[in-house]
Each structure stands twice: as structure tokens, then as C-alpha cells.
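Residue numbers count from 1 along this sequence. Side chains included, hydrogens not; waters and symmetry mates left out as well; all remaining heavy atoms used.
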Amino acid sequence: MLRRLAQRLTFITAPAIIALVVALPARSAERVYLTYGLLERSVSFEGLRQYAETGDLDDDLFVYTGYVTPEQRQQLRSILRSKADVDVVSISQFLYSPQGELLLKRLGQVIQPEARTEGGVAIRAALILAAADKAKGLTPLNVIAKFPTRGIRIDLQSTLRVAGELQRIVTETQKYVAAVTDEADREITTLPDTRVALDLSLKGRIPFDRTSVILTDALRLNPVGGVKPRTFPVDVYRPRTLGQAKIPVVIISHGVGSDRSTFRYLATHLASHGFAVFVPEHPGSSAKQITSLLRGIAQEVAEPSEFVDRPLDIRYLLDTFSKDSRYLDLNFNRVGVVGQSFGGYTALTLAGAPLNFDNLAKECTEEKLLNTFNVSLTLQCRATQLDLRNYELADPRIAATIAINPFSSAVHGQASIEKIKTPTMIVSGGSDTVAPAVPEQILPFTWLKTRDRYLVMVDQGSHFSFLADPPPGSDSIPVPPEIVGPGAAQARRYVSSIGLAFFRTYLANQVGFKSFLTASYAKSISDPKLPIVLITQFDPQSPGSPKPIAPKSIVVPVTTPPNP
């Protein structure tokens, strides 16, 4: 039965494997061999070329037609002819970065030269040579043709192991998402029902101004030694005079490859409701850093020092603005922080979770890195390059924390997450393939010991669902809709609504808004096309087991958005 499954996988997964060979690296001069133990089948490069150009099948490819649909055959033909508009410098710079090297090692276990040796070096050569070919460019056929041996071997046993691991992750995620949903249903039945007329996703009525400031920390210590001045821009969203004591402050930290525009929708939303919002751009992990990498100027997607510099950017920001007489009407003693992805790490670190070098040493072995589908782990493990010392990164001024798609399993671990004392909300996407929901958000949520903790789960949300499209002129690279996933606009409305309720509760001390931080409220705004649930507790060892209790109805006396 296993042999029959392997043979079927050989045919059914051929288009995806060949697409991978092109998009991620691979080539074969004459033949592509699909092997499973002692079994082996092959197709010729010439047959692939002929099929791509004319649609005619040679004898080798004809065998495959019994295992795939006409639509899949057409998809293969389209893949073979597709061309990626990527230049050779960009490809080279990424593949020689630490993240690219790790990707090649992982891929080289599956795609190998004819001699069955590790294929990473050959894969890189094929991709670079194809990108450098101005006539044919980076197409699947050309990558195959540039592979520096006479044949390519696709190891189906390794492919099956990869497929099995992927299936395990998918199954585990589905189980946990279902358990989180069950917990939300339990909380709906055991906690008071919240019924409100207020739509928190609507823009507020308070006018605000947006300005940009350049900050320079001339005395910033380089985490790997010496002094390295740090200059970074900050967008400031400031409500006009409200005639009140102090205006609450929120800081937003973007993720890798993003910039200050990524969460502009959230900044303007909060500002329109009376919050002062500061959005710094972290220069070592921003969109400009990615552009520099692709141009050959930088060598890292994000420099290891960013694990220290990002929290220090925000601490320096708070120090600077709190001493500026022009901002005396702002409350810098109790500050909220929002972060996404690497910004999620930043938010949790500022809230009290220290860098955990013991946990990094345990989680960042080469074996684990070569056998994980947790993409964020490759970035987390770059923190092992830092000097081993006690970095003071937490800030006592942080009073409320929202971490969206954060990663923390290695760089923090349970021992660090348990030290967070502030009210904390973790926002997760059930379809996040960069920082998977179970290890990076659901389990870390259970490690939180703070009394006020929340897990928001967007079932079909991806790592990019909560990001705004980059505006014209931005350095951010647009993410294809297929990767963003469905309902991104709805996902942003969720963040705006629940984020507003969270900061009104814990920064503006408007306790009535805590009624919006419930499973009932999340259900009331949930769109069936992109379901959302909110829970306040979860037992990962025994998920489920709801104990229904008749709900009580409470009408929250809030009809207009009051000033914080």
C-alpha cells in the first residue's frame, strides 16, 4: 500500500515538485528522476520542453496522464512556461544570506544531483544561472536546464517525510483551532452575554495631525560590541487638544520587511478615538533592509542586533518624547504597545519577556532547523549570534500589550513569557505559515501568568492578513493576494475594533469597554468568511470539555465613543 501511495505521489506531486525546482532552485540537463527506494521513474528535459511549448506529450509524460486531471496537466504546462521577474543580484544575495543557506540545506535533502549528493549547492547554482540568462530568464525549464549535472533526483521518501510533517502540522493546528473555538463557546455560555450597539470599527470623531520626526540615538551600544549610533524615523499621530489631563499613548512596531505605513490604518483609527500613536521604523529589519539585501548592500533579512535594537528604539523614543515640552499633554507613564511578527517579539520583550539564551541553545540545533516548517525559527535563531549577556530590554512604562502573529517559542520560551505582568493580547492566524499558530501563539498564550490575558484567533488568517497594502512610493514589497489569504480588510477591522476596546480598558481606564473583550463580542462581529474567536483561558492538555451554564444578558450602556 505504501509503495502504491508513493507511486501515486510521484505522479500527482510532479507539477508541484517541478514548480519548486524552479521557484526555489533546481535544474537538470537531460532527465528528472523520481525515486522511491529501489523504484525509479524519469522524464526527459526535452519532453518537458516540448510539452511546455506545444502541449504534446511524449511517452514518458504520457504515463502520468492517468494520475492527474486535465486541469493539473494544464497547470503543469503553465508552470513550466512561467517567468519570474527576479534579477541575478537579488537571487544571489538572498541565497547567500543565512536564511537562504538554511533553505538550500533543507531543499537539498529532497532535490539532489544524479550522484545522490546533497543538492543545495547545485540548486543555488541553477537558480543563479537561470536568473542571469537574459534570453530565457528565470523559468522552470531554464532552471532545470541550468542544473550543473546531467540529471536531477527527486527523493520521494524525503518528499513523503516532508509531506508527513506538513500534514502533522496542519492536523495539529486544526485540532488546536477547534479546541480554541470550543473554549470560546464555553466562555460564551459561562460568562455574561454582551449586547452593544456601538461599532468599534468606525472612525472616531476626534481630529488629529500626523507628523514625522527623525530620532538619533548617538550612544546606542552595538549588541555585538562597541557603539553604533542608531537613526530612525517616527510617525506621530497626535489628537488635537482635548481639554483633558493626559492623552494616552500607543506605540506600533512593524514586522520584517514592513515600514511605518503597514499599520497606518490602526494608527489613524486609534488617533481618531483620542490616542496619541507613535510608529517608529526599525532600520535593521524594515522594508529598506530587504531592498538593501536584494541590491547586494545588506547581507541579512534582519540583523541579529535587531533583537536588541528594536526594543531599545522604543525605549529611546519614550525617553526622548517624554522630555520634550511640546508633548507634556501626553501620558508617557502608562503606554500601550502593538507589534506584528518581529514587532510582536518586540512588544512581548518590552512587556517583560527577556531574551532566553538557554532556550535558544536548546531550540536552535542544526537538526531542528533542518527539519522544521516553522519559518520564524530561522529568524529567531539568529539571536544566538548576540553576545551572551543580560540585556535590559523591558520597559516599566509599558502598561498594555498586543502581539499580532508574534514569534517567541525559541527566543523567549515559557520561562520568559511567564514574566510578563501587563495585560496582554495575542492575535493569531490559523493559516499562518510563517509563525505557526500552535508553537508561536497558542502555547505562548497558555504560558502567560498575567491576570488579564486574551487570545484572539482568526481561523483562516495568515501571517499577512493584518497588514495594509503598501502605499505608492513605499519600500514595502507587495504581498501576493494568494499569500495574504481571504478577508484581509475584515481582519484589519477586527484588529481596529478589539484593539480600541483593549486600550480603552487598560490605558484610558474605561472599564465598561472590558465587555468588548469577550467571546460573546467576538462572535457578534465574526464574519463566516473569516471567523474570529476570543478566549481568556485555555488548557492545551485537555482542550474542550465545556460545561454550559445559562447565560445572563447584560446591555452595556455605551452608545457613543467617549474620549479616552
**Student:** Is the distance from the ring center of Phe307 to that of Tyr345 below 6.0 Å?
**Tutor:** yes
**Student:** Before giving the answer on side chain to side chain contact (heavy atoms under 4.5 Å, CB included), spell out for His412 and Asn356 the whole-Å C-alpha distance, their side-chain angles and the decisive distance to 0.1 Å.
**Tutor:** CA-CA 5 Å; His412 287 141; Asn356 189 334; 5.5 Å; no
**Student:** With no hydrogens and no angle check, is any side-chain donor or acceptor of Thr384 less than 3.5 Å from a backbone partner on Cys381?
**Tutor:**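 Yes, the answer is positive, given that a donor and an acceptor are paired below the 3.5 Å cut-off.
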**Student:** Answer yes or no: is there a side-chain heavy-atom contact under 4.5 Å between His254 and Arg260?
**Tutor:** no
**Student:** In terms of relative ring orientation, are Phe232 and Tyr316 parallel, tilted or perpendicular, with 30° and 60° separating the classes?
**Tutor:** perpendicular
**Student:** In Å and rounded to the nearest 0.5 Å, what is the CD1 to OH distance from Ile498 to Tyr454?
**Tutor:**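 Taking CD1 in Ile498 and OH in Tyr454, the distance rounds to 11.0 Å.
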**Student:** Between Pro436 and Asn374, which heavy-atom pair has the shortest distance, and what is it?
**Tutor:**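 Heavy atoms of Pro436 and Asn374 come nearest at CD-OD1, 3.2 Å.
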**Student:** Salt-bridge test for Asp527 and Arg493: reply yes if a basic N is under 4.0 Å from a carboxylate O, no otherwise.
**Tutor:** no
**Student:** In terms of side-chain heavy atoms, does His282 have a donor or acceptor partner in Ser253 at a distance below 3.5 Å?
**Tutor:**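 Their side chains do contain a donor-acceptor pair, which is all the 3.5 Å distance test asks for.
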**Student:** Given side chains that start at C-beta, do those of Tyr494 and Arg492 come closer than 4.5 Å, heavy atoms only?
**Tutor:** no
**Student:** I would like to know whether Thr433 and Val375 meet side chain to side chain contact (heavy atoms under 4.5 Å, CB included); could you show each step before the answer?
**Tutor:** CA-CA 7 Å; Thr433 57; Val375 177; over 6 Å; no
**Student:** Please tell me if the side chains of Leu355 and Thr349 come closer than 4.5 Å, counting only heavy atoms from C-beta onward.
**Tutor:**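 With C-beta onward as the side chain, the pair stays apart.
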**Student:** I'd like to check Val177 versus Val438 (side-chain heavy atoms, cut-off strictly below 4.5 Å). Are they in contact?
**Tutor:**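 Counting from C-beta outward, Val177 and Val438 never come under 4.5 Å.
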**Student:** Write down the atom of Leu350, the atom of Leu393, and the distance for their closest heavy-atom approach.
**Tutor:** CD2-O, 3.6 Å
**Student:** For Ser409 and Glu440, does a side-chain donor sit closer than 3.5 Å to a side-chain acceptor?
**Tutor:**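 Judged by distance alone, the side chains do pair up.
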**Student:** Tell me yes or no: between the side chains of Thr450 and Asp452, is some donor less than 3.5 Å from an acceptor?
**Tutor:** no
**Student:** When you check the gap from the basic side-chain N to the acidic O, do Glu183 and Arg186 get nearer than 4.0 Å?
**Tutor:**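 Counted as a salt bridge, because a side-chain N and a carboxylate O are separated by less than 4.0 Å.
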**Student:** Drop me the distance from Thr446's OG1 to Gln441's CD, to the nearest 0.5 angstrom.
**Tutor:**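 Here the rounded value is 12.5 Å.
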**Student:** Can you tell me how far the CG atom of Leu443 sits from the CG atom of Leu455, to the nearest 0.5 Å?
**Tutor:** 10.5 Å
**Student:** Is it true that Glu187 and Thr536 share a donor-acceptor pair across their side chains at a distance under 3.5 Å?
**Tutor:** yes
**Student:** Are any of the side-chain heavy atoms of Arg220 and Asp313 separated by less than 4.5 Å?
**Tutor:** yes
**Student:** Where do Ile532 and Met457 land on the side chain to side chain contact (heavy atoms under 4.5 Å, CB included) test, with the steps shown first?
**Tutor:** CA-CA 6 Å; Ile532 180 177; Met457 169 63 67; over 6 Å; no
**Student:** Could Glu367 and Lys362 be called an ion pair, given the rule that one side-chain N must be under 4.0 Å from one carboxylate O?
**Tutor:**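 Result for this pair is no, no salt bridge flagged.
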**Student:** Under 4.0 Å between a side-chain nitrogen and a carboxylate oxygen: does that hold for Arg315 and Glu392?
**Tutor:**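 Salt bridge between Arg315 and Glu392, a charged N being under 4.0 Å from a carboxylate O: no.
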**Student:** Any heavy-atom pair between the side chains of Phe502 and Pro423 that's under 4.5 Å?
**Tutor:** yes
**Student:** Do Phe466 and Phe263 have their ring centres less than 6.0 Å from each other?
**Tutor:** no
**Student:** What I'd like to find out is whether the side chain of Gln537 reaches to under 4.5 Å of the side chain of Arg453, using heavy atoms alone.
**Tutor:**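 Answer yes - side chains close enough.
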**Student:** Nearest 0.5 Å, please: how far is OG in Ser515 from OH in Tyr521?
**Tutor:**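 Rounded to the nearest 0.5 Å, the OH-OG separation comes to 11.5 Å.
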**Student:** Looking at side-chain heavy atoms only, is the closest gap between Phe357 and Arg389 below 4.5 Å?
**Tutor:**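 The answer is no; the side chains never approach within 4.5 Å.
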**Student:** Would you say the side chains of Ser462 and Ser465 form a donor-acceptor pair under 3.5 Å?
**Tutor:** yes
